[in-house]
Each structure stands twice: as C-alpha cells, then as structure tokens.
Amino acid sequence: MTQISWTIQNFRYLLKTCISHRNLLTGKSLHTLYIKSIVPSSTYLSNHFILLYSKCGLLTTSHHAFHHTRHPNTFSFNAIIAAYAKESLPSIAHHLFDQIPHPDIVSYNTLISAYADCGQTRPALGLFKTMRQLCLEMDGFTLSGVITACLNDVFLIRQVHCFVVFGGFDAYASVNNALLSCYSKEGFLEEAKRVFNEMEEGKDEVTWNSMIVAHGQHKEGAKALALFQEMVKRGFDVDMFTLASVLTAFTSLKDLLGGLQFHAMLIKTGFHQNAHVASGLIDLYSKCGGGMLDCRKVFEEVSGPDLVLWNTMISGYSLNEELSEEALDCFREMQRCGKTGSCTGYAQHGIGTESLILFEHMLEQNISPTSITFISVLSACAHTGKVEEGQKYFNIMKERFGIEPEVEHYSCMIDLLGRAGKLHDAEKLIKSMPVNPGSIGWAALLGASKIHGNMEMASKAAHKLLQLEPSNAVPYVMLANMYASSGKWEEAAMVRKLMRDRGVRKKPGCSWIEINKRIHVFVAEDISHPMIKEIYKYLEEMGRKIKLAGYVSDLRCSLVKDDEIDAGEKEIKLRHHSEKLAVAFGLLSTKNGEPILVIKNLRICGDCHNAIKFISAVSGREITIRDTHRFHCFKEGQCSCGDYW
DNA sequence: TTAGGGTTAG
C-alpha cells in the first residue's frame, strides 16, 4: 500500500476550502489527521482550525484549538476574540485582548465590533479613543464598527459622520453602508437617502440591500420594490438578504398577491427554506391575510427553525388568533348570565390558543425564548382574555428565564387586565412599575377604558398621555369621541378645541380593498369612487336586510351632537363609514361565495363590527377586516375575535 | 483574521 505523505501545503489548501465551505465534518477529520501526522507544528494551521470551529459555531472547540496552539501569535488571539464576539461575549473577548502583547488593528476592530453588536457604545468608543491616542492606523472596518456602536444615539452618529467625511473614510463602502443603515434605523430615511445618493459608483450589494430594507421599514414599499428592480437591472447579485428585504416591502404594502408571486419564485430557487426568508414569508402571510395554514406550511419546510422563526410564528398566531367554538360558547353563556363586563371566563376555562400551544412546543424543542417572544405570548393572552395564563407567563419570564420585564411587557399586561375589565388592577400595575410607563402604558389603559366605557379612567389616562405626547392625535380623538358618545358635548368640544389650538391633526380614517390588482381606497362618506352610487344603493338595501336579521345601529358611534342631525341622518352617516364602503364594493365586485379582505388604517368602529357580522350572515360571505390591531374574520354572523378586541 | 445588509413585538 502506498503511503501518502502530507505536507503543510496540503493541509493549508484543504483547511482553507473547509473554512470557506463551512465543512465541519471534513475539517474535523483533517484536524485529527494533522495531530497524528508528522507534519511540524504550524501556528498557521492551528489558527485556521480556531477559525474553522468559530465559523461553524463551535465556540468551545474553537477555544480548545486556541488553547493547544503552541506559539499563539496576534492572529491566534484575533481569531479567538472573533469567536467570542460572534457569541456576544465581549467581556471574555476583552479579557483575551488584554493578553495580546502587541494588539494590531484587526484586534481593535474585532473587539470594537464585539461591543457594537451588543449595543455597548462606551467601551467601543473607549477603544476607538485609545487607537487615536496611540496613533494607530484605522480603516473601514474600524469606522463601520464605531458607527454601529453608536446606534440609538443619532447625535453620536452625526459626530462620527463628520469624522468620516473629514478623515476621508467615506471612500469605504462599508462605512457608508453602516451610516445609511444606522440613519434608517434611527428613523432618518432622508439622511440615509443622502448617504446612498452621494455614494454614486461606490455602491455594493450591501448598499442596495440596506436601501431596500430602509424603504420597507419606513413603509415605502413601492420605492423599495423599484430599488430592487434597479439593483437587478444594474447587474448586482441578489442574495438571501435581498430576498428577505423585498418580502418586507410586500408586507408594508399589504400586497398579498405580489407576495404570493414572489413566494413562487422563492420556491423555484429553493430559497424559501432559508430561515430568514421563511420568517419574512410568515410575517407577510400573517399580516396580510394569507392565513395561518400557509404560514404553517412555510414553517414546516424549514429544516432548522431558528428563534426568530418561532417568534414570527407565535406573533403571527397572536394576530390571527381565533377563539375556538368552545370559547365562544362559554363567552355567550357568560353574556346570557349578564357577566358581559368581564371576559376572564376564557382564562378560567383554560382554553388553549394556537400561539400558546406553539410557545409550549418551542420550549419542548429547548429553544430559549427572548423578551420579544414574551411580548407575542402576552399579547396573545391579551387578545383572547387569558388573564391567568398571562400572569403566569409574566411571572415565569423572570423566574425561569431571567428576562427582566420591560415597558412593552407591562403594557401587554395593562392591556390584558384592562380589556378583561380589571381597570383598577391595570392602573395599580402602572403605578407599581419599576420602569417609566411612558406613553405605551397609558395608551393601553386608555384603550381598555374606552372598551369598558369608563369615562373617569379614560380621562385620567388621556390626560397623562396629553402631557407625555401633546402632538399625538390619538388621545384627543379618543377622549373627544368618548365624551361625544356619552352625550357630553361641551367636554367633547373643549378637547377638540385644545387639539385645534395645539395644531394637532387627526390621521384621516380610510379603508381599502384590492380588486383585480387595483387598490380601491375609501374615506367616510366618500364620493370620489366611480361606483359610489351603486355602493350607496347596495348599502341601503343591505341595511334593510340586516335590520330584519336583528341588527340595530349603534348611534353612539356616529359622534354627532343630537341637535345637529336627527337619528335618521346619523344612521346614514354610520352606513357610510369607510370600512362599510370598502366591504360593499368588495361584495359587489367579486363572485358569490368568494371571501374578501379589507384593510383599515385605524381600529374598526364598533357599529361597523356589528353590522359586518350581520352582512357576513346575510350575504353568506367570509369578510376579513385587518385593522391596526388584529384580523377580524367575519363568517356566518360571528367574528373570529369573539367581539373581544 | 476584523465590517456594513435580512426575519420577530410595541
């Protein structure tokens, strides 16, 4: 048998191939072979074994390889620091950094990025300052890391931006990409665009991807899709990052049809099995009315679902949560017994919901939940009135998983208690919060007070909100509407005047529906649509039919003073709310039996919710309304939210 | 050897 003698060059070549292909199996065999071989000890090879294990996510093995390196050099330290940085362990990385006799620019860059990834601005800037004091050379890696470390502080980002321009670092694509991305994440799309435009020929794939996602995040989906087309036209490579970014554009446009076509393309290319892309798809379907069955199919296609994929599914279910027939029966029974004020019966009967079942499955798979997972879980409990479960999960997040509740978790709990009619408990929770409740907490209490018609609590919450956010129209409108619906016209007028005096403008309510690839938008009492006469006529006829079926209009929702118009006119005004117009147009423009989907930019009005339940029964159609809070799927006279939203 | 880009909540 011929003995093959391996040389260092053989090992070098094969090891580099293993690293670039992330081929752990071959890499490990190579490592065993190297240890047994007579090849002299090589720091180069040892360093690359550290890298291989780090890139394949084996931190302990990587550290082991570092530990067994006979003569570690700066490269060896840099490689193991990068491994700890990747696992978000900057303090250990720093400890290793301190042991390097002569740290080089890569050592600094790696440690700066380690801190940046964990949002630790100060230590990252400290290292940057040291580099300046030592007159060490800097490069694009350094500045990209420093910029990322400044995320959440736009003043710092601007200061570093000045440094970049005056130091000539704006020649690096990575530096501009970091600036572009940070400006966008901070909400400054215009500044991101300026960076993009000034890059001229210096753009790379990352620049385009960042710009697409920036537009998607700022709800400029159409521009994001146009950028994607431009990127392809200019010959840039499309990768997973691009595809996931494009999906957010479809989601922001609520363009389910476009998303479906894009999904077909993803299946052809096989990219749909990538966890990031799949998360984007699930988010799209769950937010645009695609249904959770399709989400489940996408989820099952992914071989190794990651944490975000689980979170996206749980959140999707929480948005689409349907109360089971059993739960609805229980609720109806409670209503019959006159216990309408409280919905805690759901919790008392321990009825499971899909998102909570999925959450338990996630725990069985030993996937550790994060703070975001708990926001979805608690929000699902709030949507379905599961007070006891909500309290249980709120407690275990700290006790079992060591996650400190943040203002968002408290806000879910306030929402949960408030919706269930426990307004005083909700207020007590706000007062006992160790973190500042901010506007989110008070907004949750205001919403719940409105549901339960508790004027006193609503006024308290609204006034807190007006102090915190004087330019936010929501508390003014909610408070004025509550006064108006309870006949307190003077108070309603005072709130409206205050709003006018402060120059606060209400976001006009509108609803839209897509028919034959065209979006039709309606505002209340719309007269602009070409089919508006037919729509009004249809609603008039439908109004008669649903009245016969038992519908009674809720005139409190018309919010017009009694002596201004009579009840008949109020009823007409109610009939012409934007969501009713969109529903009527949808029913007129589609075939019998076809389901329709309407989207509204605000919360659905109480009278519309009731009327559409009747319309679904009379027309025999499935009507889905997606409002800012959740999906309402109306079928045979019932809504999936169980009148609890 | 090190960077910048994607998915989840409110």
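Numbered from 1 within each chain, the chains take letters A, B, ... in sequence-line order. Only this structure's heavy atoms are used, side chains among them; waters, hydrogens and symmetry mates stay out. Keep in mind that what you see is a predicted model, and the values were worked out from it rather than measured.
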Asker: Choosing from B:dG4, B:dG6, B:dT1, which nucleotide comes nearest the side chain of A:D104?
Answerer: B:dT1

Asker: Would you say a side-chain N or O of A:S315 is under 4.0 Å from OP1 or OP2 of B:dA9?
Answerer: yes

Asker: Start with the C-alpha distance between A:Y410 and A:F394, add both sets of side-chain angles, then the distance that settles ring pair (Phe, Tyr, Trp, His ring centres under 6.0 Å), and finish with yes or no.
Answerer: CA-CA 9 Å; A:Y410 279 101; A:F394 185 72; 5.4 Å; yes

Asker: Using whole Å, what does the distance between atom P of nucleotide B:dG5 and atom CG of A:N177 come to?
Answerer: 8 Å

Asker: Whole angstrom is fine here: how far is it from CZ in A:F262 over to P in B:dT7?
Answerer: 13 Å

Asker: Just jot down the side-chain hydrogen bond (donor to acceptor under 3.5 Å, both in side chains) partners of A:H48, sequence neighbours excluded, or say none.
Answerer: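 By the side-chain hydrogen bond (donor to acceptor under 3.5 Å, both in side chains) rule, A:H48 matches no residue at all.
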
Asker: B:dA9, OP1 or OP2 - any side-chain N/O from A:S371 closer than 4.0 Å?
Answerer: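 No.
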
Asker: Using the rule for Phe, Tyr, His and the six-membered ring of Trp, do A:F241 and B:dG5 stack at under 5.5 Å and under 30°?
Answerer: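 By the stated criterion, A:F241 and B:dG5 stack.
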
Asker: Write down the distance between CZ (A:F299) and P (B:dT7), rounded to a whole number of angstrom.
Answerer: 19 Å

Asker: Across the strands shown, which category fits A:T148 at heavy-atom distances under 4.0 angstrom: base, sugar-phosphate, nothing?
Answerer: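 Sugar-phosphate contact only - A:T148 comes under 4.0 Å of backbone atoms but never of a base.
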
Asker: Any side-chain heavy atom of A:T370 sitting closer than 4.5 Å to one from A:T373?
Answerer: yes

Asker: Using a heavy-atom cut-off of under 4.0 Å over every strand shown, decide if A:T248 touches base, sugar-phosphate, or nothing.
Answerer: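 Here A:T248 touches the backbone only, sparing every base.
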
Asker: Does A:K86 place a side-chain N or O at less than 4.0 Å from the phosphate oxygens OP1/OP2 of B:dT1?
Answerer: no

Asker: Let me know the distance between CD of A:Q217 and P of B:dG5, rounded to the nearest Å.
Answerer: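 That distance rounds to 11 Å.
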
Asker: Applying a 4.0 Å non-hydrogen cut-off, can you work out what A:D204 is touching in the nucleic acid: base, sugar-phosphate, or nothing?
Answerer: base

Asker: Which part of the nucleic acid does A:S279 contact within heavy-atom distance under 4.0 Å: base, sugar-phosphate only, or nothing?
Answerer: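 Base contact.
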
Asker: Atom CD1 of A:I212 and atom P of B:dT7: how far apart are they, to the nearest Å?
Answerer: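 Rounded to whole Å, this separation is 12 Å.
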
Asker: Identify whether any heavy atom of A:K185 sits under 4.0 Å from a base atom; if not, whether one sits that close to sugar-phosphate; answer base, sugar-phosphate or nothing.
Answerer: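 The residue A:K185 makes sugar-phosphate contact but no base contact.
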
Asker: With sugar-phosphate meaning primed atoms plus P, OP1 and OP2, does A:V213 contact a base, only sugar-phosphate, or nothing at under 4.0 Å between heavy atoms?
Answerer: sugar-phosphate

Asker: A:T110 has a side chain; which of B:dG10, B:dT8, B:dT2 sits nearest to it?
Answerer: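 Looking only at heavy atoms from C-beta outward on A:T110, the closest nucleotide is B:dT2.
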
Asker: Could you check which of B:dA3, B:dG6, B:dT2 has an atom nearest any side-chain atom of A:V106?
Answerer: B:dT2

Asker: Indicate, with a heavy-atom threshold strictly under 4.0 Å, whether A:K287 touches base, sugar-phosphate, or nothing.
Answerer: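 Sugar-phosphate only.
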
Asker: Taking the side chain of A:F75 as heavy atoms from C-beta outward, which of B:dT1, B:dA9, B:dG5 is closest to it?
Answerer: B:dT1

Asker: By the 4.0 Å heavy-atom rule, please label A:L51 as base, sugar-phosphate, or nothing.
Answerer: sugar-phosphate

Asker: Measuring centre to centre across the rings, with the benzene-like ring taken for any Trp, is A:W310 within less than 6.0 Å of A:F299?
Answerer: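 Centroid separation for A:W310 and A:F299: below 6.0 Å.
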
Asker: Measure the distance from OH on A:Y172 to P on B:dG4 and round it to the nearest whole Å.
Answerer: 16 Å

Asker: With a 4.0 Å cut-off on heavy atoms, is A:A85 in touch with a base, just the backbone sugar-phosphate, or nothing at all?
Answerer: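 The residue A:A85 makes no contact with any strand.
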
Asker: Would you mind telling me which of B:dG6, B:dG5, B:dG10 lies closest to the side-chain atoms of A:I440?
Answerer: B:dG10

Asker: Are A:R234 and A:E230 within salt-bridge range, i.e. N to O under 4.0 Å?
Answerer: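 Answer for the salt bridge query: yes.
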
Asker: Quick one: the side chain of A:N274 and the base of B:dG6, do they pair up donor-acceptor inside 3.5 Å?
Answerer: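 Yes.
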
Asker: Of the options A:H161, A:K193, A:R194, which is the one that meets A:Y183 in a side chain to side chain donor-acceptor pair (under 3.5 Å)?
Answerer: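 Going through A:H161, A:K193, A:R194 one by one, the side chain to side chain donor-acceptor pair (under 3.5 Å) with A:Y183 is satisfied by A:H161 alone.
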
Asker: Please give, in whole Å, the distance from B:dG4 C1' to A:I147 CD1?
Answerer: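 These atoms are roughly 9 Å apart.
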
Asker: Tell me which nucleotide among B:dG6, B:dG10, B:dG4 gets nearest to the side chain of A:A244.
Answerer: B:dG6

Asker: My understanding is that only residues two or more places apart in sequence, or in another chain, count here; which of them pass salt bridge (charged side-chain N to carboxylate O under 4.0 Å, His left out) with A:K16?
Answerer: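 A:K16 satisfies salt bridge (charged side-chain N to carboxylate O under 4.0 Å, His left out) with no other residue.
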
Asker: Hey, is the side chain of A:D239 pairing donor to acceptor with the base of B:dG5 inside 3.5 Å?
Answerer: yes

Asker: Take atom CE of A:M138 and atom P of B:dT2, then tell me their distance rounded to the nearest Å.
Answerer: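 So the CE-P distance, A:M138 to B:dT2, works out to 20 Å.
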
